[in-house]
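Lettering follows sequence order; numbering is per chain, from 1.
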Number of protein chains: 2
Amino acid sequence: MEGTDDDVPLILTWDDTNSGLLSEETEGGDENGVGGYDIVNNQVIPAVGRPPNYTAHNASLRQSWEMNYQEAAIYLQEGENNDKFFTHPRNPKALAAYLFAHNHIFYMMELLTGLLLMVLSLCEAPAVPSLRLDVYVHATLELLALVIVAFELCMKLRWLGFHTFIRHKRTMVKTCVLLLQFVEAIVVLIRQTSHLRVTRALRPIFLVDCRYCGAVRRNLRQIFQSLPPFIDILLLLLFFMIIFAILGFCLFSPNTSDPHFNTLENSIVSLFVLLTTANFPDVMMPAYSRNRWSCVFFIVYLSIELYFIMNLLLAVVFDTFNGVEKMKFKSLLLHKRSAIDHAFKLLVSRQRPMGVSLKQFDGLMRFYRPRMSARDRFLTYKTLNTAGAPMLSLEDFYKFYEVIGLKWKARRSGEHWFDDLPHTPFLIFKGINLLVKSKAFQYTMYVVVAVNGVWILIETYMLNSGFSWSRIVPLSYIVFLTIYGVDVLLKITGLGPLAYFSSGWNLFDFSVTVFAFLGLIALAFNMEPFYFIVVLRSLQLLRVFKIKQRYRNVLDTMFELFPRMASLGLTLIIFYYSFAIVGMEFFADVIYPNCCNTSTVAESYRQINVTIGNRTVLDEGYYYLNNFNNILSSFVTLFELTVVNNWYITMEGVTSMTTHWSRLYFMTFYIVTMVVMTIIVAFILDAFVFRMNYSRKNKEPQLDPEDENGIVFEAEVSRDEALATLELYKQTCPGLSSINSLQGVLLAMDRSGSSDLVYLGRRSRTKSDLSMKMYEEEIQEWYAEFSRENLPQSDGSLVDRELDVPSPCPEHEP
Amino acid sequence: MEGTDDDVPLILTWDDTNSGLLSEETEGGDENGVGGYDIVNNQVIPAVGRPPNYTAHNASLRQSWEMNYQEAAIYLQEGENNDKFFTHPRNPKALAAYLFAHNHIFYMMELLTGLLLMVLSLCEAPAVPSLRLDVYVHATLELLALVIVAFELCMKLRWLGFHTFIRHKRTMVKTCVLLLQFVEAIVVLIRQTSHLRVTRALRPIFLVDCRYCGAVRRNLRQIFQSLPPFIDILLLLLFFMIIFAILGFCLFSPNTSDPHFNTLENSIVSLFVLLTTANFPDVMMPAYSRNRWSCVFFIVYLSIELYFIMNLLLAVVFDTFNGVEKMKFKSLLLHKRSAIDHAFKLLVSRQRPMGVSLKQFDGLMRFYRPRMSARDRFLTYKTLNTAGAPMLSLEDFYKFYEVIGLKWKARRSGEHWFDDLPHTPFLIFKGINLLVKSKAFQYTMYVVVAVNGVWILIETYMLNSGFSWSRIVPLSYIVFLTIYGVDVLLKITGLGPLAYFSSGWNLFDFSVTVFAFLGLIALAFNMEPFYFIVVLRSLQLLRVFKIKQRYRNVLDTMFELFPRMASLGLTLIIFYYSFAIVGMEFFADVIYPNCCNTSTVAESYRQINVTIGNRTVLDEGYYYLNNFNNILSSFVTLFELTVVNNWYITMEGVTSMTTHWSRLYFMTFYIVTMVVMTIIVAFILDAFVFRMNYSRKNKEPQLDPEDENGIVFEAEVSRDEALATLELYKQTCPGLSSINSLQGVLLAMDRSGSSDLVYLGRRSRTKSDLSMKMYEEEIQEWYAEFSRENLPQSDGSLVDRELDVPSPCPEHEP
């Protein structure tokens with residue numbers, strides 16, 4: 001019944017006997033030999049008169065199957081990673097390179113090289129003082145890193161083939177940048193001094209290109225996709241700005257005491273800065289003091305530009321973003337589906353072309369998730385196989401990505417962890433359980449937290465500022481910490497460790513409390529972990545926000561969004577990096593105390609001694625600290641520019657020490673951050689509105705406690721099935737570990753005494769799951785459209801159509 | 001066939017013979033008498049054995065009908081204005097008061113009184129210097145205005161009845177405020193001096209309550225509805241702020257040169273201001289200069305508070321706003337529907353309870369739109385009557401509000417206005433028509449505008465700032481103006497004036513050009529309308545934005561949104577007013593040059609003479625201009641606070657001259673403006689996203705040129721119909737004007753020689769029309785739900801259910 005060794009794969013791949021097929025010039029005979037079946041609309045049409053020109057004896061057959069498993073696993077991986085199929089390896093040589101370039105060691109190497117290249121700018125002149133390296137050291141390091149990158153690119157070339165390689169845009173850009181950097185690094189090494197190396201701003205490309213930075217790449221793509229409408233509105237904004245600049249110049253230039261509008265250039269700059277509100281009342285004041293009605297000009301300008309067009313910008317970006325998110329989800333979904341289609345065709349046998357047997361599935365999984373235990377592979381198969389049929393149909397197999405990340409655990413028979421204990425402890429634990437689950441207990445804890453909060457506030461308020469902090473641990477701290485400790489202990493014992501730690505909130509409580517205790521211990525050893533404790537005390541107060549559904553929602557969403565937020569943050573840092581390099585190349589050491597005396601903002605850079613009474617006090621303007629002297633200072637300065645307030649002081653300071661054209665740098669930076677920030681706002685808006693819509697649309701599942709923790713699947717295993725599977729494994733893959741894990745199932749059955757066992761597979765819910773539910777109806781349409789487009793022709797045409805590249809698997813050709 | 005004088009209304013209202021019915025204690029007999037028909041699911045069930053206790057002779061019958069028309073018109077008016085039905089007038093006395101209080105003269109009086117009361121604060125101490133009035137003058141004016149308000153309230157009391165009056169919350173609040181203001185005004189008059197009159201901040205209530213400010217009321221309601229989620233997130237924001245304030249105090253208070261964190265209060269204030277970014281790099285600088293890593297504190301704070309939670313705030317408000325908009329639309333729609341239900345029942349006769357005849361419809365319209373011509377009434381009836389049946393069914397009647405605002409015009413037979421001209425001029429005009437419609441002409445004009453723009457920019461750039469502006473008109477101005485003038489003339493002659501002026505863009509072109517010519521003429525008379533010309537020149541450049549679809553969309557939406565934006569602006573001004581009054585009462589004359597020497601912002605208020613070289617220059621801080629000395633200055637100051645940048649300078653200045661508690665005023669104002677501004681942003685976002693979704697959903701209608709200008713209905717009138725209608729009018733209402741307008745139709749038919757004429761009714765498209773299309777499916781659900789809820793019982797129960805008020809129309813009781 002189940003697939004035996006006599007089954008012959010429907011499609012053969014990478015087989016030595018078929019390697020001839022993989023060149024673009026395939027012979028008709030061979031093609032017929034393996035491509036004899038065409039799947040049209042899920043109907044298998046047997047090829048008539050196919051010559052039996054393939055060896056059918058067992059060893060070779062097994063090898064064919066292994067090859068197929070591997071290619072299917074690669075397809076599924078490509079589906080998961082959203083790699084285009086035209087980069088699919090096409091022959092055994094490519095496969096070797098592919099496998100070499102697709103594992104975590106290689107990815108880590110990519111990441112570390114990228115990071116090293118970026119971190120180098122800490123040590124290159126202008127360097128952070130404590131990290132300065134000699135030119136030959138950092139240049140050698142750079143060359144080393146570049147050589148590694150070159151090696152990575154060679155592997156990629158080997159795997160993709162020259163043809164695909166030069167068509168892959170991102171890789172080509174990377175190659176060009178690599179060459180440039182190479183030349184420059186050698187020049188630096190020869191001249192023993194850094195020249196004006198603005199091209200270092202391109203270094204992030206190496207980081208962005210690595211596998212682990214896929215999210216950053218997607219963000220960048222999304223930013224570029226949102227650009228066209230953004231630029232349109234930006235032009236409108238600039239248009240109004242220039243009109244108002246002309247008008248302002250005409251109106252206010254007769255006033256000689258007004259430095260903001262005395263030339264057209266000043267007028268434009270003033271209004272550009274006004275757009276960011278950074279100079280607001282000041283820019284108006286000279287005119288306002290002459291004529292009170294001149295405020296109308298500024299009010300109208302701000303109303304149109306700041307309150308209307310800037311919001312319009314957000315609206316347009318938000319709208320585009322919305323559409324892009326949906327399209328992205330759609331294309332990802334369809335890509336995965338077609339990956340599954342490809343994999344499925346590689347897994348079915350000639351004898352049974354409509355289904356995948358456990359054996360084949362297991363073979364696939366050994367390549368796809370090498371570290372998954374045999375038990376979990378079997379359970380995954382069971383979960384996919386909803387109909388209980390002996391084979392997985394394509395329809396079943398489509399759910400592959402939904403169940404692949406599940407963590408499996410046997411369902412506990414009892415309700416509480418202490419059900420098996422003797423009577424007296426049972427009663428005690430039951431009591432604790434009831435206690436910690438009671439509303440009264442929860443609200444008592446909220447009250448304690450609130451009291452703690454007020455207490456901290458009052459305590460801090462009562463302290464003098466000169467107080468020596470580290471000496472004294474307030475008694476209240478110990479008292480409250482004890483209460484929290486008891487709370488945590490009660491909950492752990494009452495709910496059982498497993499149930500307790502399955503909630504993120506409890507995990508948060510636990511770790512904060514444990515850290516607070518550690519802080520206390522450190523304090524006992526006079527280690528002054530003072531800031532640590534202050535922060536922890538405050539974090540403990542955060543519990544009080546569990547009290548309201550809305551806060552739970554908001555904080556849950558916050559945690560769910562965290563990965564995405566982090567990737568957006570990283571994207572921002574990459575922009576920062578490029579701007580920091582450019583800033584350092586042009587403006588390093590331009591700013592110093594008492595500089596910029598010719599500018600209007602000289603006061604902010606002043607550092608003089610002032611005598612007040614009989615004391616001499618240093619009167620500092622401090623702004624000389626906002627410089628581009630090294631990469632860390634540049635980052636801080638750029639953050640200040642991002643926050644926008646008073647950014648023109650830095651701009652005017654630098655401008656007065658260099659040329660007028662420096663303003664271009666600052667204005668460009670402002671516009672770029674505006675784009676990124678608008679995207680971030682649009683993202684947060686979109687994510688929250690989506691989430692709220694979702695919870696409104698699916699009110700019932702929210703009440704289901706299991707669903708709140710994530711996605712749960714069930715699989716029931718009977719003793720017979722387990723035995724049969726064990727037998728199968730003994731035959732096919734005699735690895736000890738896999739047999740052990742299956743014997744574990746049988747042992748568990750023996751222990752519980754029942755003839756079947758239910759396993760629960762859990763994973764946390766992702767945005768994709770939410771999207772699946774939200775777009776339920778549309779998804780069906782997309783699928784229908786997708787199969788209309790792809791199935792009437794041979795399936796392989798999908799690959800051809802996508803990028804007009806020769807099909808990697810010739811047997812897909814009609 | 002059509003309703004004759006013998007028809008008896010199904011329901012009698014306000015009739016003298018039935019006036020007894022209108023009290024709450026209705027006699028059973030009478031109730032049977034008029035409520036004998038119950039409409040259940042549109043099925044009329046005749047009352048059995050109803051005593052014929054009403055007079056049926058003609059004059060009385062006609063009077064009954066007139067009464068019914070009037071009440072139906074009132075219902076429809078209530079539906080249009082979204083007045084609750086429990087304020088429906090219930091007896092002839094109430095009706096008189098209702099009619100008195102519902103016309104434009106009364107509305108204008110309300111509006112003017114409200115405005116007068118608000119404007120008074122210009123003249124009351126602290127007054128705008130040039131507008132100061134003596135105490136007895138402005139107090140008398142105030143008393144006068146308050147008496148008028150009292151009179152209005154009396155009318156309302158008369159119309160609503162005491163019972164309804166005290167249940168109507170808004171009216172009760174108004175009454176209380178009125179009493180308070182009365183007492184205070186008298187006290188002022190007696191003491192001959194203004195005391196601390198903070199209650200003047202409540203004056204906007206009188207303005208908000210008037211009929212014309214319905215949009216402002218709706219905005220306020222929407223703001224209040226968005227408050228609960230807003231406050232939740234605000235608490236989260238404040239929570240993090242306080243935690244960071246404690247942490248900042250602990251970290252930075254040891255640094256004695258750091259004034260921002262030396263006490264807990266300062267620490268909280270600094271971080272509150274930092275939330276607005278107004279003190280950004282400055283607040284960090286002292287700590288940053290000590291230890292470079294202290295920037296982490298500020299970066300983390302800003303990332304959490306400014307970039308995350310503030311955006312969350314927007315997301316939450318946007319989400320609520322979205323929901324509220326939809327609910328508002330739904331309730332308005334259903335309210336209108338039930339108003340139509342009520343009106344319909346009053347218009348059907350006993351003989352024909354399922355339909356409304358033209359006669360009845362006409363009677364209704366004479367009350368509902370007294371100034372509508374008979375022709376238009378007839379055409380409206382024809383439009384409603386889609387089935388061509390002799391009567392309007394309820395289903396037809398439901399479209400009442402869609403067709404009521406149409407402007408009717410006979411469809412022109414020819415395509416161009418010059419079709420009837422002789423051959424030679426026809427050819428000339430045809431040529432012009434083809435020319436102005438050609439792409440080449442349009443793009444030439446765009447190029448001219450662009451050249452003009454660049455020209456202006458260069459010209460302005462070349463000028464010295466000391467140039468005497470008014471003397472010289474640049475030649476280029478005259479040249480370009482001539483080109484624009486020719487363009488306008490060509491378009492008017494080519495398209496015909498009617499077609500030309502029907503487009504908003506053309507209207508804009510035309511008026512800008514005409515005004516520019518006027519400016520030129522004024523210049524010829526040495527009138528120096530210089531600013532005028534500069535503005536107009538810039539406005540002319542705006543045409544270039546017609547070139548791209550997105551800009552047209554954006555600008556069209558801008559114009560569509562303008563009324564709503566204006567009402568939001570008005571709402572903001574009302575908040576400003578209240579805050580300005582409070583600010584004036586507490587902080588008038590607190591700020592003056594060289595004040596605030598004890599604060600950290602003293603420099604901004606300094607006004608001293610500085611000697612540079614041999615010149616004495618006035619070094620001005622200017623911030624003393626941002627004061628609360630009169631209401632106009634207060635408005636400007638509040639606008640500066642809204643823009644937020646450097647707002648803490650004003651706050652600290654005022655605080656140093658008064659008490660610490662003044663900060664509460666500024667912080668409250670900041671939070672209130674934050675709410676209003678967030679709502680405005682949410683509104684703009686919502687409106688644009690809605691609009692874009694709409695145009696995506698309805699791509700085809702966008703291509704239809706007629707639909708782009710608004711909504712168009714058609715009605716075809718045959719000669720026979722027109723004659724029959726004329727006959728009907730001659731019988732029923734022998735007014736000359738109505739007969740004339742119908743005879744006009746016949747004349748037009750004679751002229752064109754055809755036996756029927758098609759009329760087009762147009763109106764501009766409103767948001768409601770868009771919503772109707774967007775929510776098409778949901779609307780059907782709402783209707784179904786609505787009729788399920790209301791029809792099984794007697795229809796009147798709807799009114800009862802809504803506000804638990806006795807039904808105004810006893811015949812509605814089951």
If one checks every heavy atom of Met310(B) against chain A at 4.5 Å, the contacting part turns out to be neither

_Side chain proximity check, Tyr623(B) to Asp282(A), heavy atoms < 4.5 angstrom_ = yes

Okay, Tyr307(B) and chain A: the region with an atom under 4.5 Å from a heavy atom over there is both

Here the gap from Phe308(B) atom CZ to Ile684(A) atom CD1, rounded to the nearest 0.5 Å, amounts to 5.5 Å

So, the part of Leu457(B) with a heavy atom under 4.5 Å from chain A: the answer is both

Interface check, chain A: of Thr276(B), Val681(B), Val644(B), most non-hydrogen pairs under 4.5 Å belong to Val681(B)

Heaviest contributor of heavy-atom pairs below 4.5 Å to chain B, chosen from Ala245(A), Gly453(A), Pro281(A), is Pro281(A)

Does the side chain of Ile243(A) come within less than 4.5 Å of Ile456(B)'s, by heavy atoms? no

Cut-off 4.5 Å, heavy atoms of chain A, and the answer for Thr650(B) is neither

With side chain to side chain contact (heavy atoms under 4.5 Å, CB included) as the criterion, how do Leu632(A) and Arg292(B) come out once you've worked through the C-alpha distance, each side chain's angles and the decisive distance to 0.1 Å? CA-CA 9 Å; Leu632(A) 293 183; Arg292(B) 294 300 152 97; over 6 Å; no

Counting heavy-atom pairs under 4.5 Å with chain A, the top scorer among Pro229(B), Ser267(B), Ser289(B) is Pro229(B)

Correct closest heavy-atom pair for Tyr622(B) and Ser257(A) would be OH-OG, 4.3 Å

Interface check, chain A: of Thr642(B), Leu235(B), Leu264(B), Asn646(B), most non-hydrogen pairs under 4.5 Å belong to Leu264(B)

*Apply side chain to side chain contact (heavy atoms under 4.5 Å, CB included) to the pair Val636(B) and Tyr288(A), showing each step before the final yes or no.*
CA-CA 10 Å; Val636(B) 175; Tyr288(A) 186 57; 3.6 Å; yes

*asked:* With heavy-atom distances below 4.5 Å as the criterion, would you say the side chains of Phe688(B) and Leu312(A) are in contact?
replied: yes

task = Would you confirm whether the ring centroid of Phe318(B) sits within less than 6.0 angstrom of the ring centroid of Phe318(A)?
result = yes

* Derivation and outcome, side chain to side chain contact (heavy atoms under 4.5 Å, CB included), residues Asn279(B) and Asn645(A) -> CA-CA 7 Å; Asn279(B) 60 355; Asn645(A) 193 62; 5.6 Å; no

Most contact-rich option vs chain B, by heavy-atom pairs under 4.5 angstrom, among Glu265(A), Met285(A), Met677(A), Met565(A), is Met285(A)

For residues 295-306 of chain B against chain A, heavy atoms under 4.5 Å, the residues are Cys295(B), Ile299(B), Leu302(B)

Honestly, the part of Thr256(A) sitting under 4.5 Å from a heavy atom of chain B is neither

Any side-chain heavy-atom pair from Asp232(B) and Tyr551(A) closer than 4.5 angstrom? yes

Step by step, work out the side chain to side chain contact (heavy atoms under 4.5 Å, CB included) result for Asp319(A) and Leu685(B).
CA-CA 9 Å; Asp319(A) 186 61; Leu685(B) 266 182; over 6 Å; no

To the nearest 0.5 Å, atom OG1 of Thr277(A) lies from atom CD of Glu640(B) at 12.0 Å

Nearest heavy-atom approach of Val689(A) to Ala315(B) is CG2-O, 4.2 Å

